[in-house]
Amino acid sequence: MTKSQEPISTMDAINGRRSVRSYTGRSIDEATIRALLAAAVQAPTAIHQEPWAFVILQDADALKRLSDRAKRFFVEEMHRTHLDRGGHTLTMFERPDFNIFYNAGTLIVICGKPLGPFVVADCWLAAENLMLAAFSMGLGTCVIGSAVSGLNTPETKEELGIPVEVSAIAPIIVGVPSDESPATSRKQPQILAWK
Ligand SMILES: Cc1cc2nc3c(=O)[nH]c(=O)nc-3n(C[C@H](O)[C@H](O)[C@H](O)COP(=O)(O)O)c2cc1C
């Protein structure tokens with residue numbers, strides 16, 4: 001189902017994964033989703049709490065509605081926190097045709113149960129596992145942080161069956177990439193001390 005089925009090394013996955021923002025319309029089947037979730041839950045987890053739970057959304061209309069709602073909340077949040085300077089990102093969010101999920105067919109939301117101070121860390125570690133596993137299967141992913149506020153509204157949580165006490169932490173789109181994603185660079189690691 002994907003373009004690359006060759007086994008790849010962990011280092012190749014780490015170095016090769018890029019955020020994908022352009023997808024074919026091909027859907028991801030249940031076995032693949034379950035394999036991604038199985039990879040996610042292998043992440044390290046503080047005090048072995050495994051505080052994660054998952055929402056899988058593959059309905060295009062529901063994804064579009066969620067995108068529209070999340071955009072509103074995200075723009076408000078950026079204004080409120082004065083992170084709206086520079087503007088061009090927000091201009092995009094104000095466009096009615098902009099889908100924050102880039103028309104990917106699948107959104108996996110990693111949610112956290114309120115079990116302690118490391119829930120957020122655990123969920124993001126699970127997120128990276130999921131994205132590297134997806135890459136190794138020839139799939140593309142992108143974290144959609146701009147969906148978090150919209151996902152955590154009481155209205156959305158009720159619609160998606162997320163209990164009140166559980167929080168959406170890491171929304172990740174998954175799909176078959178429609179083209180190459182541009183490489184992004186990284187600064188050299190800054191070493192503060194090495195004694
Ligand atoms: C917490 C977090 C939130 C992000 N939110 C978004 C987002 O809302 N939309 C988007 O297109 N990319 C989002 N990204 C992807 C980053 O833009 C991307 O990881 C970064 O530009 C580096 O590119 P790379 O992933 O291709 O290496 C997010 C990444 C992280 C870690």
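The first residue of the sequence shown is numbered 1, and numbering continues consecutively from there. Remember, it's 1-based here, ligands and their atoms both numbered in the order they're listed.
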Checking heavy atoms under 4.0 Å, the part of F93 that sits near ligand 1 is neither

Notebook entry, point to check: Where does the angle between the aromatic ring planes of F98 and F93 fall among parallel (under 30°), tilted (30 to 60°) and perpendicular (over 60°)?
Noted result: perpendicular

Heavy-atom closest pair (V55 atom, C111 atom, distance to 0.1 Å) is CG2-SG, 4.2 Å

Short version for T184: what comes under 4.0 Å of ligand 1, heavy atoms counted, is side chain

Honestly, for E128 the part within reach of ligand 1 (heavy atoms, under 4.0 Å) is neither

If you scan protein heavy atoms around atom 3 (C) of ligand 1, the nearest is V143 CG1, 3.5 Å

Q) Does the S67 side chain pair with the main chain of I100, one donor and one acceptor, at a distance under 3.5 Å? A) yes

Would the distance check show the side chain of K157 and the main-chain N or O of I162 forming a donor-acceptor pair, the cut-off being under 3.5 Å? no

**Study point:** Backbone or side-chain N or O of C142 under 3.5 Å from ligand 1 N or O
**Key:** no

Give a yes or no on whether the backbone of G150 and the side-chain of K71 come within a donor-acceptor separation of less than 3.5 Å. no

- [ ] Flag the pair T106 / I173 as yes when at least one side-chain heavy-atom distance between them is below 4.5 Å, and no otherwise.
- [x] no

protein heavy-atom neighbour closest to atom 5 (N) of ligand 1 works out as G145 N, 2.9 Å

Can you tell me if F74 contacts ligand 1 (heavy atom of the residue under 4.0 Å from the ligand)?
no

- Task: May I ask you to check whether W124 has an N/O atom sitting below 3.5 Å from an N/O atom of ligand 1?
- Result: no

